[in-house]
Amino acid sequence: MAPKKKAKIFKCPTCGMLVLIDGEDFPFCTDRCRKIDLGKWASGVYKISSPILDPEVLEDLGGSGGSRDRDDYEY
């Protein structure tokens, strides 16, 4: 007999109600909660608290500040 997989339980990040993974508004329970969350981002309630300090990520993003030579690109 195959082992049973545990169903993951998700909660709406806005109100905490249980959410169906197949739901139209996933990971939110309703469009209202989705809009509340968007409003919090737009008004500055949510923000990314610190800059990216990982040198590899900065390099991938081109964060060195200097311009690259034409020879650095693959065509």
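All values below come from the heavy atoms of this structure, side chains included, with hydrogens, waters and symmetry mates left out. Model, not experiment: these values are computed from the prediction.
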Point to revise | By side-chain contact (heavy atoms from CB on, under 4.5 Å) - contacts of Ile36 (at least two apart) | key: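 Expected list: Thr14, Arg32, Lys40.
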
**Study point:** Leu18: partners by side-chain contact (heavy atoms from CB on, under 4.5 Å), with sequence neighbours left out
**Key:**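 Counting only residues at least two positions away or on another chain, Leu18 forms a side-chain contact (heavy atoms from CB on, under 4.5 Å) with Ile9, Lys11.
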
Check your understanding: If you look at every heavy atom in Cys12 and Phe28, which pair is closest and at what distance?
Key ->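 Shortest heavy-atom separation between Cys12 and Phe28 comes out as SG-CA, 3.9 Å.
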
Practice item. Measure across Cys15 and Cys29 and return the closest heavy-atom pair with its distance rounded to 0.1 Å. Key: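 Distance-wise, the nearest heavy atoms are SG-SG, 3.5 Å.
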
Check your understanding: Taking only residues at least two apart or on different chains, which pairs with a member in residues 13-25 satisfy salt bridge (charged side-chain N to carboxylate O under 4.0 Å, His left out)?
Key ->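 Pairs touching residues 13-25 that pass the test: Asp25-Arg34.
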
**Study point:** Under 4.5 Å side-chain linkage, directly or through intermediates, the cluster mates of Met17
**Key:**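 None; Met17 is a cluster of one.
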
Point to revise | Remaining members of hydrophobic cluster (4.5 Å side-chain criterion), Val19 | key: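 Val19 shares its hydrophobic cluster with Phe10, Ile21, Phe26.
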
Practice item. Please name all residues satisfying side chain to side chain donor-acceptor pair (under 3.5 Å) with Asp31, sequence neighbours left out, ordered by chain then number. Key: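 Once residues adjacent in sequence are excluded, the partners of Asp31 under the side chain to side chain donor-acceptor pair (under 3.5 Å) criterion are Lys35.
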
